[in-house]
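Note that the coordinates shown come from a computational prediction; the quantities given were computed from them, not determined experimentally. In what follows, every heavy atom counts, from backbone to side chain, and hydrogens, waters and symmetry copies are set aside. Protein chains get the first letters and strands the later ones, always in sequence-line order, with residue 1 at the start of each.
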Amino acid sequence: MRTVKVQICAGTHCTMMGAMDIYEVVSNINDEYPDRQVEVELVQCCGDCKANLAPIVLVDGVRLTAATSETVMARIMKASWT
Amino acid sequence: MKGIYTSITKIRRQVFAEIARLAYEDGADQQLEDAPYRILPGEVAQYRDSIFKERAIVGERLRLALGLPIRSVDKHSRLAFGMETVDVAQRVTEMPVVNVIPFACEACPTDAFYVTDNCRKCLAHPCTVVCPVNAVSIQKNRAEIDRDKCIRCGKCKEACPYSAIVRYQRPCAAACGVDAIRSDYLGRAKIDEAKCVSCGLCIVNCPFGAIADKSELYQLIKAIKKGDKVVAELAPSFVGQFGPLATVPKIVAGLKQLGFADVVEVSLGADIASIHEAEAFVAKVPEEQPYLGTSCCPSWALLVEKFFPDQAGNISSSHTPMVAAAKKLKDAAPEARVVFIGPCVAKKVEAMDEAVRPYIDFVITFEELIAMFVAREIDVAALEGEEALDDSSRNGRSYANCGGVANAIVENIQQLYPEREVCVDRADSLSDCRKMIMLAKAGKKNGCLLEGMACPGGCVGGPGTLLSIKQANLKVQDFAKASPYPTALDNPQATGNIKETE
């Protein structure tokens, strides 16, 4: 097991499109899944949110566009074992 | 489903952002026809079985967001039909505010108990034994419940050792605290206007996104564009709603960029109202009225008015915080146009009241406001903001959390009349509010101050919010603590106002 780094955009567009809901789900990982470890960071807008790309989430530096808690969680679960 | 971001949340917000864009550009009439294609591009359905149906539903959502009524399915009309009546710079909203889009409704079965595949057809079958009306019988494959006989007591569900019996409720009806959801001739949900108190909880609880409310976003933007002096009144649950990096000064800066002339806290009105209500309580309870109900939640006040009209006189006649704050603004600047920005759908209805109309020009929700930021491509988190808000007390800001209203009034009473003891009861969710008022009617709440809140958790649980109830509750507490004034009586803006009016 290793710590997965998750960066979530907290810009206004991403917030409207559900970034904070992703933040809440990801923030609970350390408590809810004791065998997983994540480090969550909120980041400023990178300007990629135009054209239906919001919300933007980076998992270990890999950029997920139009992210949902499903796609982010799946990515984290996979990353924490590789 | 409050607190879970679903496809329905996404579509609702995309619709608001699209309407905001249309309002900022010109020629909305023509562009509206293209809007469903911008929100749902391509040829393949994403959410339902057909892209045509998806776009038709989004079309009706767009109409509601413009303030237009839903079109009838059995008659041809353009999506923009009636556009000229709403393409104005003032409020046009008409009842009903909360609408079922009939063809988006999947006609879920009404309240019933079902036996699922978990049934083992066991030898003991306690389900049949405990049923008081002989409605459960063991059939070829499993137990069955005779729906004509069943009285929905739930005993069979409790008795089954395999959890094989489930209660199946329409989510909209389950969320409705006043039993306002009926069925039309096709079994689809239909809102009984005589009962509905416009709390909006069915909107956020329908898993098919079939219910939506009308918006005043378009007309508000037109008023700002026209150059009117529009003042934003922020309800106390606003903190944190626009993301964790969007601090209060940044939100104020964002509102100024949107063209708002000024920004004030609704909590100032809460302070004014809580002093007024403290005085009213001491003066009238129990001599003139047996108890005093708070008035700030419009759905709770409407519940009492519609279902317990003989008790309506016991609900506070003080202005609600929304109106008290607006009145102060308009007394100082009569040309100002006031927009209430909050978590609430029912405020849209309150604002239509003849007595409230002169003070409140528009009502929008936090979801609708963030759509304005997005349409203007304003990133609130990145703004430089200096101007903090200091209009209200800790107690005034705490109005957004359940219990906060009663607490504010009680602390005022304690400060003004230390001898006086007050009993308090409160309820959040309309079904609990209903129980509370029934007890009050029966004389069980005499001498009490009753706080009613329609939304679970208080205003922070409102249908127009973006943040989870838990997070919003914490944010409100932090913001409340940051106020330099503990109670309303410490707030010079609120007490000064009382003196002026006397």
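- Of the two parts of A/Met20, only the side chain, counted from C-beta on, holds a non-hydrogen atom closer than 4.5 Å to a non-hydrogen atom of chain B.
- Nearest heavy atoms, A/Met16 versus B/Leu466: CA-CD2, 4.1 Å.
- Interface check for chain A: of the options B/Phe366, B/Phe16, B/Phe242, the most heavy-atom pairs under 4.5 Å are formed by B/Phe242.
- The minimum heavy-atom distance linking B/Ala381 with A/Gly11 is given by the pair CB-CA, 4.5 Å.
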Between chain A and chain B, which donor-acceptor pairs sit under 3.5 Å apart?
unit_1   : atom_1 : unit_2  : atom_2 : d
B/Tyr5   : OH     : A/Met17 : O      : 3.1
B/Arg13  : NH1    : A/Met16 : O      : 2.8
B/Asp379 : OD1    : A/Thr12 : N      : 2.8
B/Asp379 : OD1    : A/Thr12 : OG1    : 3.3
B/Val380 : N      : A/Thr12 : OG1    : 2.7
B/Ala381 : O      : A/Gln44 : NE2    : 3.4
B/Ser468 : OG     : A/Glu24 : OE1    : 3.0
B/Ser468 : OG     : A/Glu24 : OE2    : 2.9

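- Applying the salt bridge (charged side-chain N to carboxylate O under 4.0 Å, His left out) test to every pair with at least one member in residues 47-56 of chain B, sequence neighbours left out, gives these pairs: B/Arg48-B/Glu106, B/Lys53-B/Glu106.
- With sequence neighbours excluded, no residue forms a ring-ring contact (aromatic ring centres under 6.0 Å, His included) with B/Phe362.
- Both the backbone and the side chain of B/Ala382 come within contact range of chain A, judged by heavy atoms closer than 4.5 Å.
- Scanning residues 201-209 of chain B against chain A with a 4.5 Å non-hydrogen threshold yields no residues.
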